[in-house]
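Throughout, protein chains are lettered first and strands after them, A, B, ... in sequence-line order, and every chain is numbered starting at 1.
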Protein chains: 2
Amino acid sequence: MATNKYISMSVIKRLPRYYRFLSNLKDDGISRISSKELSNRMGLTASQIRQDLNCFGGFGQQGYGYNVETLYEEIGKILGVDQGFKMILVGAGNLGRAIATHMSFQSRGFELIGIFDKNQAIAGEMIKNIPIRSINVLDDFCKENLPVVAALCIPSSESEEIVDQLVALGIKGFWNFTHFDILAKYPDVAVENVHLSDSIMTLSYQVMNTA
Amino acid sequence: MATNKYISMSVIKRLPRYYRFLSNLKDDGISRISSKELSNRMGLTASQIRQDLNCFGGFGQQGYGYNVETLYEEIGKILGVDQGFKMILVGAGNLGRAIATHMSFQSRGFELIGIFDKNQAIAGEMIKNIPIRSINVLDDFCKENLPVVAALCIPSSESEEIVDQLVALGIKGFWNFTHFDILAKYPDVAVENVHLSDSIMTLSYQVMNTA
DNA sequence: ATCATTTTGGTAACAATAGTTACAACAAAA
DNA sequence: TTTTGTTGTAACTATTGTTACCAAAATGAT
C-alpha cells in the first residue's frame, strides 16, 4: 500500500483500459484473473500490470490472482467514476452536440448540468433534457450552480478568453476539443486535450510509414 | 540528414503540434523563428525541438533559426498532409456525423469518399455532399473505389467483425473511435485510437489529484 | 571589408523516466 | 507436506528527454 507517492501519467492513462477490460470480464462471468492471463488479453506484459496496480495497493493475492469485481471497483474509485463532478459544455456545434448526446457522463464520474453557445438562435433547444443557454448567462449560471469541469467545443479563436473566464468562475478542469493549447498559465487546473486534428495527422504518418 | 532511421512515436505525436504553432506564426506574419523562441511559446525545451526536427533533416541555420514557411511545409510533407488518402467513415450516428462535418479532412491528408451505416432508414441522407450508404454495399464500394483508411464510429460490439471485413478489403489504417482495441492481429495495419471515454476518465483522475 | 562577438543549430554525453526480467514470499492445490 | 501458481518488488535495461559544447552563420564595430 503506497498511496502517497507520485503516480506517473503513463500509468494513469492505462487505467481506463484496465477498467474496460475488467468490465468485459465481469460481463463474461469471469470472477478471477491472473496478471498473466490479463496480459495475454490486453497485449502487454504481466509485470507491467502488476507494477501498475501496485502503485495503488496490493489488490492481488499470491497463487490466486485478482478478483475481477474488486479490482474493477478499486480502479473505478481511483479514476473517480463515483465523483459526479458537475460539468458544463461550451459550444453546441456539431461536435459539442455529438459529445453531449454520445457520452455516458454519469458512468465516467461527471454530471452534465449545462450547455452554452454564443449563437442566440439555438438558445432554448434541448439536448439530453438540457436547454442550450446563451453564453451571456454563463457567469450567472456558474455562480449559482458551481460546475467544476468544462468541455470546450468552440473555435480556437474564442478559447483563450473563455478559458480565462471559466477559471475565474472556479472551473478546475477542462476537456479541451479545441486547437488552443491551455498552457501552464493555470498550474492548478487540470487539462485533458482531445486534439482530433493532431490525431488524424498522426494516422496519416503511420499509414505512410507502416510496412 | 538522417531519413532512414527509426523515429519514435513520441516524436511523431509532437509533430502536429509544431505544425499548428508554425501555422499560427505564419498567420502572424513571422517568417523566422529560433528554437529558443519557439520553445518559449510551446512550453518545452529548445533542445527537444532541435532534436525532434533533426530526426528528419537539418531544417535550420546557425545564427538564424528556422524559416517558418519552409519548416511548416517540411513538417506537412513528413505528416503527409498532401497525400489525400481515400477514407471511408463507418457509423453515421451522432459522433460519426459530427466527425464527418467537423473535420477538415483535406488539409490533414485525407479525402472522405464514403459514409456507411447499418441503419437502412437513413440511407440516402447527405452529409457534406456524400450520401450515407447501407453497410450492405460496403464490399462493392471498396472494391470499386479502393479506400485506404476507415474511421470507425460504431458500437464496440460490431467493431471486430467490421475490422476483419475492412482489412480483407485492403484498408491499411483505422481511425478508431470505438471502445474496441484493434490488437496486433494485423501487424501491417496502422491504428490511431481516440478513446473518448478513456480520456474523460483520465480527466476525472486529474481533477481529483490536482493541487 | 575584416574581424571579433553573439546567436543559434546540430550532436554527443548525460540524466531521468518507463518498462522488463528475475526472484523471494506466500497462497492454493494435490 | 510438497508442488504449483501467482503476486509484489528489486535489479536491470531500454527509451526518452536534458545539458553541454562545438561549429557555422549572422551581426556589429572598426
Does OP1 or OP2 of C:dT11 have a side-chain N or O of B:N54 closer than 4.0 Å?
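Indeed, a polar side-chain atom of B:N54 lies that close.
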When you check the phosphate oxygens OP1 and OP2 of D:dG5, does a side-chain N or O of A:Y66 lie under 4.0 Å from one of them?
no
Looking at A:Y64, I'd like to know if the NZ or CZ of A:R32 sits under 6.0 Å from its six-membered ring centre while staying within 45 degrees of the ring's axis.
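Here A:R32 passes the 6.0 Å and 45° test against A:Y64.
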Let me know the distance between [atom1] of [X] and [atom2] of [N], rounded to the nearest Å.
X	N	atom1	atom2	answer
A:L71	D:dT7	CG	P	11 Å
A:L44	C:dA18	CG	C1'	14 Å
B:L53	C:dT11	CG	C1'	14 Å
B:Q61	C:dG10	CD	P	10 Å

Please list, for nucleotides 12-22 of chain D, all pairs of protein and nucleotide N/O atoms separated by less than 3.5 Å.
unit_1, atom_1, unit_2, atom_2, d
D:dT16, OP1, B:S10, OG, 3.4
D:dG17, OP1, B:R14, NH1, 3.1
D:dG17, OP2, B:R14, NH1, 3.2
D:dG17, OP2, B:R14, NH2, 3.0
D:dT18, OP2, B:T45, OG1, 3.1
D:dT18, O4, B:Q51, NE2, 3.0
D:dT19, O4, B:S47, OG, 2.8

Tell me, please, which residues at least two apart from A:F177 pass ring-ring contact (aromatic ring centres under 6.0 Å, His included).
A:W175
Review item, side-chain donor-acceptor pairs of residues 146-169 of chain A, under 3.5 Å, at least two apart:
unit_1, atom_1, unit_2, atom_2, d
A:E158, OE2, A:K118, NZ, 2.7
A:S159, OG, A:P155, O, 3.2
A:S159, OG, A:S156, O, 3.2
A:S159, OG, A:T178, OG1, 3.3
A:D164, OD1, A:K185, NZ, 3.1
A:D164, OD1, A:Y186, OH, 2.4
A:D164, OD2, A:K185, NZ, 3.4
A:Q165, NE2, A:D139, OD1, 2.7

Can you list every pair that meets side chain to side chain donor-acceptor pair (under 3.5 Å) and has a residue in residues 85-103 of chain B, with sequence neighbours left out?
A:N94-B:T101, A:T101-B:N94, B:R97-B:E125
I need the full list of side chain to side chain donor-acceptor pair (under 3.5 Å) pairs touching residues 200-211 of chain A, with sequence neighbours left out, sorted by first then second residue.
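For residues 200-211 of chain A, and leaving out neighbouring residues, the side chain to side chain donor-acceptor pair (under 3.5 Å) pairs sorted by first residue read A:Q206-B:E192.
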Answer yes when B:K77 and B:D82 have at least one side-chain N-carboxylate O distance shorter than 4.0 Å, and no when they do not.
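No.
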Are the side chains of B:D181 and B:V191 in touch, meaning some heavy atoms are under 4.5 Å apart?
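The answer is no, as the side chains (C-beta and beyond) never meet within the 4.5 Å cut-off.
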For residues 22-40 of chain B, which residues have at least one heavy atom under 4.0 Å from DNA chain C?
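When residues 22-40 of chain B is checked for heavy atoms under 4.0 Å from DNA chain C, the hits, listed by number, are B:S34, B:S35.
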CD of A:Q106: more than 12 outside heavy atoms within 6.0 angstrom?
no
